[in-house]
Each structure stands twice: as structure tokens, then as C-alpha cells.
Amino acid sequence: MSSSPRRIVYPGTFDPITNGHLDVVERALQLFDEVVLAIAADSTKKPLFDLEQRKSLAEAALANFKGKVRVTTFRGLLIDYVHSEKSNAILRGLRAVSDFEFEFQMALMNRKLSDTIETIFLMPRDTYTYLSSTIIKEIARLGGDVSAFVPPAVEAALKKKFHEVKP
Ligand code: ADP
């Protein structure tokens, strides 16, 4: 008897994807057969990269995980999307106490909306605990070196965004 693959949905803005996100994906693959990295189209944040750019940067960063990680986009309620992927698990990364309150509230609200879906939190390695897409964008905007924190395609895209000389 074959059981269906265990699939977890990793939602976020991923504006842009960082090595912290990749670390969480790798950890999740120790526990699940497939990670669906689901980029939110409806975000209260005003993203620097549009949805298609965020998707192609994530795809480039995750090219080594072909068959185990799928990059998608979604609109509307996360729990509806998780059901449509035939999954029952949401993945979130926890960096510090500062993430906790918001994540706790969201996990409990999602449970109220659908009590068959569980949220699983994974912690990145310590060097990534202070890393966020927001801080990366700020460093890149000011001309700092972000190569230790983001995949090469993201580094190039940030350079292009902030420092390309327009003709
Ligand atoms: P959102 O806007 O939904 O918070 P993000 O793209 O900022 O989306 O983050 C998606 C998820 O990844 C969140 O659970 C966030 O806590 C987690 N995350 C972001 N950066 C890191 C990091 N450096 N290490 C671990 N988890 C992270």
C-alpha cells in the first residue's frame, strides 16, 4: 500500500527570498516529501519585486531541489490554498521572540478557520536569525554587500534594482 506524499506549504512574501528562507526549506525536507513555497499575491506589504520576479528568483534559488520543492503563487485565504494543494501543514520560520506574537496569532486564527491544518515552526541556523528580507533590501539600497545572505540571482537582482545606471 502506498501512502500519499507528505506535503507542506511554506507561505510568505519572499521579497526577495534569502538564505534564511532556504535554510528553513532544507530543514522541512528532512520531515516532508515536498515543500510548496507559496508566494502571496495579496500582501499588505508593498513589495519591491513584483510577483513574477519573486517567483523566478525563488525558482532560481531552489533549482537544486527539483522534484522536492515547487514554487507557486496564491491569492486569497491561505487555508483554502493549503486545502487545494491537498496538504494539511503550513510551514513558518521562527527567528526570535519578536516573530512569536504575530505567528502565534496567525497560527491560532488559521486553526479556527480550519482545524485539520497544523502550523509547523522551524528555526534557522543561528547565523540567519537576524536576517530578514527587509534588512537585506535596506543594505542593498545603501550599497552594502549582501552576498553572504542571499542567493547569487537575488544579489544580482538587487544590484539591478538599486544601482543600475539608467540610460
Ligand atoms: P511574511 O510576509 O509572510 O512574513 P516573509 O517572506 O517575510 O513573509 O517570511 C516568510 C516566512 O519565513 C515567515 O515565517 C518568516 O518568519 C520566515 N523567515 C523569514 N526570514 C527568515 C530567516 N532569516 N530565518 C528563518 N525564517 C525566516
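Computed over heavy atoms, backbone and side chain alike; hydrogens, waters and symmetry mates excluded. Atoms within a ligand are numbered from 1 in the order they appear, just like the ligands themselves. Along the sequence shown, residues are numbered consecutively beginning with 1.
For Thr13 and Asp15, the side-chain atoms include no donor-acceptor pair closer than 3.5 Å. No side-chain donor from either of Tyr128 and Thr18 sits under 3.5 Å from a side-chain acceptor of the other.
Here the side chains of Val150 and Ile17 are not in contact, with every heavy-atom distance at 4.5 Å or above. No side-chain heavy atom of Lys161 sits under 4.5 Å from any side-chain heavy atom of Arg141. Counting heavy atoms from C-beta on, the side chains of Arg95 and Met123 never come closer than 4.5 Å. With a 4.5 Å cut-off on side-chain heavy atoms, Ile90 and Arg92 count as touching. Looking at Ser133 and Phe14, their side chains never come closer than 4.5 Å, going by heavy atoms from C-beta outward.
Remark: minimum distance from atom 3 (O) of ligand 1 to any protein heavy atom is reached at Arg92 NH1, 3.0 Å. Nearest non-hydrogen protein atom to atom 6 (O) of ligand 1 is Phe14 N, 2.8 Å. Among all non-hydrogen protein atoms, the one lying nearest atom 24 (N) of ligand 1 is Pro124 CG, 3.1 Å. Regarding atom 19 (C) of ligand 1, its nearest protein heavy-atom neighbour is His21 NE2, 3.3 Å. Counting only heavy atoms of the protein, atom 15 (C) of ligand 1 lies nearest to Gly93 O, 3.8 Å. Nearest protein neighbour of atom 7 (O) of ligand 1, counting heavy atoms only, is Lys45 NZ, 3.6 Å.
Applying the side chain to side chain contact (heavy atoms under 4.5 Å, CB included) test between Leu62 and each of Leu57, Val71, Val35 identifies Val71 as the sole match.
Ligand 1 has a nitrogen or oxygen under 3.5 angstrom from a nitrogen or oxygen of Leu131. At under 3.5 Å, not a single nitrogen or oxygen of Ser133, backbone or side chain, sits near a nitrogen or oxygen of ligand 1. For ligand 1, the polar-atom distance check finds an N/O of Thr13 within less than 3.5 Å of one of the ligand's N/O atoms.
The shortest heavy-atom distance from Met123 to ligand 1 is not under 4.0 Å. Residue Tyr10 places a heavy atom less than 4.0 Å from ligand 1.
Heavy atoms of Arg95 found under 4.0 angstrom from ligand 1 belong exclusively to the side chain.
Near Val24, the atoms of ligand 1 lying under 4.0 angstrom from a non-hydrogen atom of the residue are 25 (C), 26 (N). For ligand 1, the atoms sitting less than 4.0 Å from at least one non-hydrogen atom of Glu103 are 14 (O), 16 (O), numbered in the order shown with element in parentheses.
A salt bridge is defined here as a Lys NZ or Arg NE, NH1 or NH2 lying under 4.0 Å from an Asp or Glu carboxylate O, and Arg27 with Asp23 meets this definition.
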